[in-house]
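For clarity, every value in this text was computed on a predicted model and none was experimentally measured. We name chains A, B, ... by the order of the sequence lines, and we start the count at 1 in each one.
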Amino acid sequence: MRDDAAGRRAVRIVETEAYVPGDAAAHSYRGETPRNRSLFLSRGHAYVYFIYGTWFCLNVSAEATGVGAGVLFRAGEPLAGIPAMERRRRGATLRDLARGPGRLAEALDVTRAEDGLDMCAAGPLWLAAPHGAAPRIGKSVRIGVTQEAHRLLRFYERDSPFVSGPRRINL
DNA sequence: AAGAAGATTCGCT
DNA sequence: GCGAATCTTCTTA
């Protein structure tokens, strides 16, 4: 959930990737730096990083204070505040509004300003429990990752059209 | 001090 | 399919 001057925007997270302790692909692998310090906060805090000089990506920290682990939000199904998302993502179809980590952050206007926020507390960026029937969940290797490339740490809703990635890995 | 690679996306071929 | 855009961090000299 995103609450700011544009009103409320909501997406259902339909695709995630885990970056776990001891994982060479994780930003936290080589210890704490100014960029990744939010990964070392207790579970539930936002970690926002800037990539390829162009995009932000949103994660949530996933372990106890000082451990260093997180879950990347890779795609979302737009639920509310869709006009505000369309203004941020000019020219994108509904399906592509938040389909991909960079697009998701752009649709929700998430930048470094949100880095470190507690997403389990009331505020401009927070997590709500999903509702409705439990979806079928698929798992696969992570996208764009070269280290520890065999690990099945990507999770997605198997029946959602809002999931990113090549079709062949979305079994 | 300089260079390469990276949890990406878009536009053009 | 390939290259550009272009920031941060890590590696190597």
Side-chain angles (χ1 to χ4, degrees), chain A residues 2 9 11-63 66-78 82 84-117 119 125 127 137-158 160-171:
Chain A
R2 179 78 166 113
R9 279 169 272 186
V11 299
R12 176 185 180 92
I13 302 299
V14 296
E15 179 185 352
T16 63
E17 282 176 358
Y19 290 86
V20 302
D23 176 359
H27 286 179
S28 54
Y29 184 61
R30 284 167 228 282
E32 192 171 333
T33 68
R35 176 215 207 184
N36 70 16
R37 64 172 196 82
S38 296
L39 280 176
F40 293 83
L41 299 175
S42 61
R43 62 191 104 243
H45 288 79
Y47 164 51
V48 181
Y49 66 88
F50 195 41
I51 190 73
Y52 298 127
T54 313
W55 303 94
F56 290 100
C57 292
L58 172 64
N59 304 244
V60 58
S61 64
E63 285 288 347
V67 175
V71 172
L72 169 67
F73 292 155
R74 281 199 56 92
E77 172 183 348
I82 291 172
M85 295 189 217
E86 288 175 331
R87 282 193 294 275
R88 290 277 309 167
R89 300 261 314 125
R90 229 167 65 80
T93 62
L94 175 65
R95 180 166 178 256
D96 285 348
L97 275 187
R99 185 169 148 276
R103 293 165 170 174
L104 173 64
E106 182 165 72
L108 294 179
D109 204 358
V110 168
T111 68
R112 240 189 297 274
E114 282 67 54
D115 185 49
L117 285 179
M119 291 199 287
L125 185 66
L127 298 169
I137 303 295
K139 63 184 173 186
S140 80
V141 297
R142 294 173 291 189
I143 293 177
V145 170
T146 54
Q147 305 272 311
E148 314 233 3
H150 64 286
R151 303 186 73 171
L152 301 179
L153 289 175
R154 172 175 173 265
F155 305 91
Y156 56 95
E157 290 197 6
R158 292 180 67 179
S160 172
F162 299 96
V163 168
S164 76
R167 174 157 312 210
R168 70 172 190 284
I169 70 172
N170 291 335
L171 303 172

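- Taking only side-chain nitrogens and oxygens, A:R112 never comes nearer than 4.0 Å to OP1 or OP2 of C:dC7.
- Here B:dA7 presents its P atom at 10 Å from CD of A:E17, a figure rounded to the nearest Å.
- Across B:dT9, C:dT8, B:dA7, the shortest atom-to-atom separation from the side chain of A:R89 is found for B:dT9.
- Rounded to whole Å, atom P of B:dT8 lies 11 Å from atom CZ of A:R154.
- For the pair A:R158 and A:Y156, the cation-pi test (distance below 6.0 Å, angle within 45°) is failed.
- Using N1 to N3 plus N6-O4 or O6-N4 for Watson-Crick, or N1-O2 and O6-N3 for G-U wobble, each under 3.5 Å, C:dT6 pairs with nothing.
- Here C:dT8 presents its P atom at 19 Å from CZ of A:R30, a figure rounded to the nearest Å.
- Note: CZ (A:R95) to P (B:dC10) measures 13 Å, nearest angstrom.
- For the P atoms, the distance from B:dA7 to C:dG1 is 23 Å, rounded to whole Å.
- The separation between A:Y29 atom OH and C:dC10 atom P is 13 Å, rounded to whole Å.
- Taking only side-chain nitrogens and oxygens, A:R99 never comes nearer than 4.0 Å to OP1 or OP2 of B:dC10.
- For the pair A:Y49 OH and B:dG6 P, the interatomic distance rounds to 13 Å; values are reported in whole Å.
- Comparing B:dC10, B:dA7, B:dG6 by their nearest atom to the side chain of A:L39 picks out B:dA7.
- Distance alone, capped at 3.5 Å, places no donor-acceptor pair between the A:E63 side chain and the A:G68 backbone.
- For A:P101, the listed nucleotide lying nearest its side chain is B:dT9; candidates were C:dA5, B:dT9, C:dC10.
- Of the residues near DNA chain B, A:D96 and A:A26, the one whose nearest nucleotide (by heavy atom distance) lies more toward the 5' end is A:A26.
- The listed nucleotides are B:dG6, C:dA5, C:dC7; the one nearest the side chain of A:T54 is C:dA5.
- A:L97 places its CG atom 11 Å from the P atom of B:dC10, with the value rounded to the nearest Å.
- Residue ring and base: A:Y52 does not count as stacked with C:dA5 (centre distance below 5.5 Å and interplanar angle below 30° not both satisfied).
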Apply the test side chain to side chain contact (heavy atoms under 4.5 Å, CB included) to residues A:N170 and A:V163: give CA-CA distance (whole Å), side-chain angles for both, the deciding distance (0.1 Å), then the verdict. CA-CA 9 Å; A:N170 291 335; A:V163 168; 3.9 Å; yes
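- Without hydrogens or angle criteria, A:S38 side chain to A:N36 main chain gives no donor-acceptor distance under 3.5 Å.
- Which of B:dA7, C:dT9, B:dT8 sits closest to the side chain of A:Y47 comes down to B:dA7.
- When each of B:dA7, C:dT9, B:dT9 is scored by its nearest atom to the side-chain atoms of A:W55, the top-ranked nucleotide is B:dT9.
- At C:dT9, none of the side-chain N or O atoms of A:R37 fall inside 4.0 Å of OP1 or OP2 (strictly under the cut-off).
- Across all strands shown, A:R35 has heavy atoms under 4.0 Å from sugar-phosphate atoms exclusively, and none from any base.
- One can place CG of A:N59 at 11 Å from P of B:dT8, the figure rounded to the nearest angstrom.
- Among C:dT11, B:dC10, B:dG6, the nucleotide with an atom closest to any side-chain atom of A:I51 is B:dG6.
- Looking only at distances, a side-chain donor or acceptor of A:R88 sits under 3.5 Å from a matching main-chain atom of A:E106.
- For the pair A:R142 and A:Y19, the cation-pi criterion (under 6.0 Å, within 45° of the ring axis) is fulfilled.
- Within the nucleic acid shown, A:F50 comes within 4.0 Å of sugar-phosphate atoms alone, with no base atom in reach, counting heavy atoms only.
- Ranking B:dG6, B:dA7, B:dT9 by closeness to the A:H27 side chain, first place goes to B:dA7.
- Of the nucleotides present, none pairs with B:dA7 by Watson-Crick or G-U wobble criteria with both distances under 3.5 Å.
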